[in-house]
Amino acid sequence: MRRAFRRPPFTLVWHHADSARHALAGHVLAHLGGLFYFEETANLLRKGGVTVVLQ
């Protein structure tokens, strides 16, 4: 049986995160309980083991 290769987690430094949050402010994911696209993207990355640094 072949074993799947899993990459180790990494760190994403999201420069100008405040600008991205503002630009995506109008995008709400109703099917996910009304979360904003920016927050859900960061949460999804974190759940995948990525360290997200907002700058």
Side-chain angles (χ1 to χ4, degrees):
M1 184 166 147
R2 189 172 170 191
R3 196 170 154 181
F5 176 74
R6 180 167 167 85
R7 293 182 181 186
F10 61 91
T11 299
L12 169 71
V13 179
W14 194 330
H15 296 280
H16 308 287
D18 54 337
S19 296
R21 181 181 281 120
H22 181 72
L24 297 170
H27 300 278
V28 178
L29 303 172
H31 65 286
L32 294 176
L35 293 175
F36 288 101
Y37 186 80
F38 178 87
E39 280 75 19
E40 184 56 25
T41 301
N43 289 339
L44 182 63
L45 289 166
R46 289 181 181 117
K47 287 177 187 175
V50 176
T51 301
V52 179
V53 179
L54 305 177
Q55 292 187 348

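Along the sequence shown, residues are numbered consecutively beginning with 1. Given the structure is predicted, the values throughout are model-derived calculations rather than measurements. Heavy atoms only: backbone and side chains are in, while hydrogens, waters and symmetry mates are out.
Scanning for side-chain hydrogen bond (donor to acceptor under 3.5 Å, both in side chains) contacts around R46 gives an empty result, with sequence neighbours left out.
Between F38 and A20 the shortest heavy-atom distance is CE1-CB, 3.9 Å. Of all non-hydrogen atoms in G49 and P9, the two that sit nearest each other are O-CB, 2.8 Å.
Checked options H15, H16, R21, H22; the residue passing with S19 is H16 (criterion: side chain to side chain contact (heavy atoms under 4.5 Å, CB included)).
Under the 4.5 angstrom side-chain criterion for Ile, Leu, Val, Met, Phe, Trp and Tyr, the cluster partners of V53 are V13.
Taking hydrophobic clusters as Ile, Leu, Val, Met, Phe, Trp and Tyr residues chained together by side-chain heavy-atom distances below 4.5 Å, L44 does not share a cluster with L54.
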